[in-house]
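Notes for the one structure printed next.
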Amino acid sequence: MEKYDPKKIEQPLYQAWESAGYFAPSGQGEPFSIAIPPPNVTGTLHMGHAFQHSLVDAIIRRKRMQGNNTLWQMGTDHAGISTQIIVAEQLAKKGLKPSDIGREAFIETAFEWKETSGGQISQQLRRMGASLHWETERFTLDEGLSMAVIEVFTRLFDEGLIYRGKRLVNWDPKLATSISDLEVISEEEQGSLWHIRYPLADDSAETLVVATTRPETMLGDAAVAVHPDDDRYQHLIGRSLMLPLSNRVIPIIADAYVDPEFGTGCVKITPAHDFNDYEVGQRHDLPLISIMNPDGTIADNAPSPYVGLDRFEARKKIVHDLNQADLIASINDHRLMVPRGEKTGVVIEPLLSDQWFVRVEALAKPAIEAVEDGSIKFIPKQAENIYFAWMRELKDWCISRQQWWGHRIPAWYDPEGNIYVGRSLEEVRTQFSIPEAVALRQDDDVLDTWFSSALWTFSTLGWPEKTKALETFHTTNLMVTGHDIISFWVSRMIMMTLKFMDEVPFKEVYIHGLVTDAEGQKMSKSKGNGLDPMDIIDGISADALIAKRTQNLLQERQRAKIEKATRKEFPNGIEPFGTDALRFTFCAIATSARSMRFDLKRVEGYRNFCNKLWNAANFVAMSTNQPIHHEAPIASVADHWIRLQFGHTTHIVNQAMDNYRFDLAAKAIYEFVWDEFCDWYLELSKPVLTADATNTAMKAGTQACLVEILEGILRLAHPFIPFITETLWLALPQSERQGPSLMLAAYPEHGPVDLDAATEVADIRWIKNIVGALRNIRGEQDIPPNKAIPILFTQGAKSDRERQSKFADLITALVKTSDMSWLEDETNAPPSAIQLVGTLKILVPLAGLIDTQAEIERLDKAINKIQQDIIRVEQKLANEAFVNNAPADIVEKEKAKIQSYQSAKIDLENQKARIAAI
RNA sequence: AGGAACGUAGCUCAGUUGGUUAGAGCAUCGCCUCGACAAGGCGAGGGUCGUCGGUUCGAAUCCGACCGUUCCUACCA
C-alpha cells in the first residue's frame with residue numbers, strides 16, 4: 001500500500017461521485033433538504049465558507065447514508081454592489097467608466113465576468129468535497145428567480161406593503177447608491193470637535209456657540225436646538241440666528257433631544273444630513289435643506305464658494321473661512337464613531353433621496369411568532385436574542401439601490417410622474433390601459449440583493465410554479481449560517497417565506513461561530529491575515545503566501561508589516577494537508593463558542609489522524625489478505641470489547657450530530673480510532689493472529705472483527721473525512737461492503753451501550769491497568785522496549801489470578817515479558833520495582849534492570865500522591881454534615897476509597913524500605 | 001450607554017442535570033527505528049478552573065459583586 005497522500009486520492013474521487021450522480025436526491029426516503037447560503041458568484045471560497053460547508057456536508061452526507069431523500073440545493077447570488085465594483089474596476093483597467101458604455105453593455109460585461117470568473121467558487125466547493133446537487137444550481141438573476149422577484153415585488157406593492165418615498169438613507173458617495181444600515185460599519189476614529197460661533201440675527205454682537213464634528217453640514221442647518229430646561233438659554237428660545245457663510249436666518253428651538261452636559265449644550269440641527277436631526281426637524285416642522293450631491297460634492301443650493309467642492313475640501317474651506325471671520329471659538333481633538341461603507345471604506349452620508357421601501361411591520365409580526373412558538377428553532381438558542389432584538393426594532397427596509405447590476409424595479413413612470421407597477425411593461429399597459437402613445441420609463445434602480453435572497457428557499461425550488469421539488473423539499477430542514485447574517489438574511493427569509501409560502505423557510509437554524517486567525521483577529525484582506533482554504537489543502541510556499549496577502553492592499557504601508565508577520569507565523573509556508581484534514585479540523589473546532597481561533601497545528605494533527613487511519617487500514621489489509629476459513633469462528637475477548645466500544649462510539653457520534661455538536665462527534669471518532677482501535681485492539685489482535693498455538697477458529701474470528709470494525713469506522717467517519725474513507729472502503733474486499741460507494745452505504749446506528757456492565761470491558765480494563773503499570777516501570781526505569789522483563793504477582797483477588805492466566809499471552813505481547821509467576825510468600829520477594837493494581841501487587845525484580853535510586857524516587861512520588869488522596873477523603877468523611885446529608889452511595893464510595901488507599905500506601909512504604917535497605 | 005458572551009495546563013479548547021483523583025490536542029522532557037504507522041510508539045511533567053463573597057454536606061458547574069477580554073446594538077452634535 002502506498003503512503004497516505006491526499007492529493008492523489010481526493011479529486012478523482014469527487015469527479016467519480018459527481019458523474020455517478022450520487023449528489024442528487026435519491027427519490028426515496030424521508031426528504032431532508034438544506035439550501036446553501038448563496039455565495040457571491042464572483043467571489044472565492046474563504047475560510048468561513050469552507051468551515052460552514054464542512055459542517056453542512058457532514059450533515060447532509062450522514063442524512064444521505066441514513067436513507068433520507070437528501071437535497072443540498074446549490075446556488076449563487078449576484079452580489080449587486082460587490083460585482084458592480086469588480087466590473088467597474090475591470091472597465092477602469094481599459095480606461096472606461098460604466099457611463100461610457102451604458103447600462104445594457106455594462107450588464108452584458110457583468111454577465112461575461114460571471115461566466116468567466118464566476119465558476120471559481122463552484123470549483124472550490126468541489127475541492128472541499130461538498131456533496132451539493134449541481135444539476136439544479138440556481139443564480140439569483142436567472143430567469144426563474146427573477147420572475148419570483150418580480151412576482152413578490154408586484155404582490156407586495158399591490159397590497160401596499162411596498163412604497164416609494166423621499167427619505168434619509170445611508171448613502172455611499174463613492175458608489176452613489178443607498179446602502180443598508182447593516183453595511184455601515186461604525187468605528188471610533190480620531191477627529192475634531194469644532195466650536196463655532198453663530199451670531200444672533202438681531203444682535204450680531206451676541207453669539208451662541210455650537211459644537212460639531214462635521215462643519216460642512218452647517219450649510220444645511222435649519223435651526224439650533226437647546227434643551228427646554230437649560231437655564232443658560234431660556235432667553236434665547238424662539239429668537240433667531242444668522243447662519244454664518246450661508247447668511248440664512250434660522251430659529252433657536254427647544255428640544256429634549258439635546259444633552260445640556262455635552263459641549264455647549266447647543267446643537268445645530270441639519271435635518272437633511274443627520275438621522276437624529278431629521279427626527280428633530282419633523283417635530284419642529286423644519287425645512288429639509290439638502291446641500292450634498294450623490295457623489296459627495298456640495299450642491300448648487302449652497303453658497304457659491306463651496307458649490308462643487310468635495311465634502312472634505314468643503315470642510316477645510318469652511319473652517320478656514322470661519323476662522324477668517326473669527327467665528328471659530330475652539331477646536332478640540334475628539335474621538336468619534338465614523339460610519340464607513342463596508343465595501344468601499346468611504347465615510348457614509350445620511351442623504352435625502354427617493355427610495356423604495358418594504359413596510360415591514362405586518363411581515364415582522366408572524367416572523368417573530370414563528371420563532372416564539374418554536375416553528376423555527378435557533379441553535380444555539382442564544383442566537384434567538386439577536387433575531388428578536390433585530391425584529392423588534394425593525395425599520396422599513398430600503399430595497400432600492402442606485403445600481404445597474406441586479407433586479408430592475410418593475411415600476412414605470414408616465415410623463416406626469418405617475419407610478420405603475422406590474423410584471424412587465426405589457427402588463428402595465430394592459431392593466432392600467434395606457435396607450436402606446438404615452439411614453440413609459442422604467443425605474444432606473446435595482447433591488448437590494450437581499451430582496452432576492454430572501455426568497456431563496458422557495459425560489460430555488462421553482463416558485464411561483466408549483467413544482468414537485470417545492471412540494472417535496474420545502475419547508476427545508478435546516479439553515480446553517482453565521483450570526484452576522486441573522487438580520488441580513490435569516491429574518492428576511494422568514495418574513496418573505498411566511499408571506500408567500502404560508503410556511504416557514506426552515507425548521508432549524510444552526511448559527512455557527514466566526515473563524516478567526518490564531519490571535520483571535522477576524523481574517524480580512526486589509527489586515528493580510530487571511531488564509532485561503534485551498535492553500536491549506538494544497539500547500540503554499542512562504543513567498544507565494546506573502547505575495548497573495550500583500551496584493552491589492554488598500555494601504556501600501558501595511559506591506560512590510562504583513563510580510564514580517566507572515567514570515568514569523570509561516571516561515572516555511574504551509575504544508576499540503578488535504579481536504580479531509582481541513583474538514584475534520586473544522587468539525588473539531590465547531591464548539592458552541594462564538595468564535596474559533598484557527599490554528600494550523602490542529603490541521604496538522606488531524607492530517608496525522610488521517611495518516612493513522614490509513615496505516616491502520618493497511619495493517620488490517622495485511623492481516624486479512626490470507627483469510628483463514630472456519631465454520632464456527634470464535635470471538636476473542638478483545639473482539640467482544642471492541643464491538644462494544646464501537647457501538648458506544650456510534651451512539652455518541654449520532655447523538656452529537658443530532659445536537660449539532662460536531663466537535664464531540666469528531667472527538668469521539670478520533671478517540672475511538674486512535675486510542676482504542678489502533679492503540680489497543682490492533683495490538684491485542686497481533687498475538688492472536690501470529691501465535692501458532694492459537695486455534696484457527698479464533699484467528700478467523702479476529703480477522704472478521706478487524707475488517708468489520710474498520711468498515712464500520714469508515715462508514716462512521718465518512719461524513720467528516722469523505723475522501724480517505726471512501727478510498728479505504730473501496731479497497732476492502734467486495735464481500736465486506738455493500739453497494740458501489742461508501743456515500744450510499746448505511747450510516748452506523750446503535751443504541752446506548754452500558755460499558756460498565758460488560759465483562760469484556762472489565763477484562764480489557766484490567767489488561768490495560770496491568771500493562772499500564774508495567775509500562776510505567778519500564779518508562780521510569782528507562783528499560784528499553786526490546787528487553788524482556790520478568791514479572792511476579794502477589795496478593796490480589798481470585799479474579800486477578802483467573803485473568804492473569806487467561807490473558808498471559810496478551811500481557812506478554814504488550815509488555816514483552818520474559819517470565820510471569822505468582823509469589824505465594826511475599827517475604828521471599830527479591831528486591832523489585834512495585835506497582836499496585838487494586839489489591840494486586842506487580843513486582844519487577846531489580847536484578848540487572850533497576851536503578852534503585854530511580855525506584856525510590858518513583859515510590860516517593862506514588863506515596864506522596866496517595867497521601868494527598870487519603871487526606872482529602874479523610875477530611876470529607878470527618879465532616880459529619882457530609883456523612884449525614886450526602887446520598888448513601890456517595891458516602892460508601894468514599895469509605896471504600898480510603899480503605900484501598902491506606903493499604904496501598906502501606907504496601908508502597910514497605911516496598912520503599914526494602915529497596916532502601918539494599 | 002444598553003445587551004450578551006467568555007476567562008479551565010505554556011498555547012487552542014472539551015467538561016451534559018452540582019458528586020470518584022478536572023480531560024484532550026499541540027508544545028515540553030525522557031526512552032525507543034519492536035514487521036501497520038517517526039505524519040510513529042511508550043512513559044513523564046504541567047492546572048489553588050480570573051478574583052472575592054454567597055447558596056450547599058459538597059461548586060469549574062448555581063447566585064452576586066469586581067477585574068479582564070471580546071462581540072452586538074445605539075449613539076452626544
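Note on naming: letters A, B, ... go to the chains in the order of the sequence lines (proteins, then strands), and numbering restarts at 1 for each one.
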Check whether any side-chain N or O of [X] sits under 4.0 Å from OP1 or OP2 of [N], and answer yes or no.
X: A/Asn615; N: B/G40; answer: no
X: A/Asn276; N: B/C76; answer: yes
X: A/Arg597; N: B/U12; answer: yes
X: A/Lys816; N: B/C42; answer: no
X: A/Lys787; N: B/C32; answer: no
X: A/Trp674; N: B/G41; answer: yes
X: A/Tyr257; N: B/C76; answer: yes
X: A/Thr591; N: B/A14; answer: yes
X: A/Arg661; N: B/G15; answer: yes

Is it true that the side chains of [X] and [Y] contain a donor and an acceptor less than 3.5 Å apart?
X: A/Thr591; Y: A/Asp663; result: no
X: A/Asp255; Y: A/His227; result: no
X: A/Ser623; Y: A/Lys686; result: no
X: A/Thr817; Y: A/Thr812; result: yes
X: A/Thr624; Y: A/Gln703; result: no
X: A/His195; Y: A/Ser330; result: yes

* Let me know the distance between CD1 of A/Ile589 and P of B/C26, rounded to the nearest Å. => 16 Å
* Answer yes or no: is there a side-chain heavy-atom contact under 4.5 Å between A/Glu683 and A/Asp679? => no
* Student check: side-chain heavy atoms of A/Tyr198 and A/Cys266 closer than 4.5 Å -> no
Quick one: which of [options] gets closest to the side chain of [X]?
X: A/Phe262; options: B/A14, B/A77, B/C37; result: B/A77
X: A/Asp679; options: B/A36, B/C71, B/C42; result: B/C42
X: A/Lys612; options: B/A36, B/A39, B/A77; result: B/A36
X: A/Ala211; options: B/C42, B/G43, B/A77; result: B/A77
X: A/Asp782; options: B/G43, B/A27, B/C31; result: B/C31
X: A/Tyr670; options: B/G25, B/A36, B/A27; result: B/G25
X: A/Leu182; options: B/A36, B/U73, B/G43; result: B/U73
X: A/Glu671; options: B/G30, B/A24, B/A77; result: B/A24

For [N] versus [M], give the span between their [atom1] atoms, rounded off to a whole number of Å.
N: B/A9; M: B/G47; atom1: P; value: 10 Å
N: B/C62; M: B/U16; atom1: C1'; value: 15 Å
N: B/A60; M: B/G68; atom1: P; value: 25 Å
N: B/C11; M: B/U28; atom1: C1'; value: 12 Å
N: B/G2; M: B/C75; atom1: C1'; value: 11 Å
N: B/C13; M: B/A22; atom1: C1'; value: 14 Å

* Which ones in residues 329-339 of chain A lie close to RNA chain B, meaning a heavy atom under 4.0 Å from one of its atoms? -> A/His334, A/Leu336, A/Met337
* Within the distance-only criterion (no hydrogens, no angle test), does the side chain of A/Glu187 pair as donor or acceptor with the backbone N or O of A/Met337 below 3.5 angstrom? -> no
* Could you check whether A/Ala616 gets within reach of a base, just the sugar-phosphate, or nothing at all, counting any heavy atom under 4.0 Å? => base
* Structure fact -> When A/Asp5 and A/Asp274 are each assigned the nearest nucleotide of RNA chain B, the 5'-most assignment goes to A/Asp5
* Structure fact -> Closest to the 5' end of RNA chain B, once A/Lys268 and A/Tyr4 are matched to their nearest nucleotides, is A/Tyr4
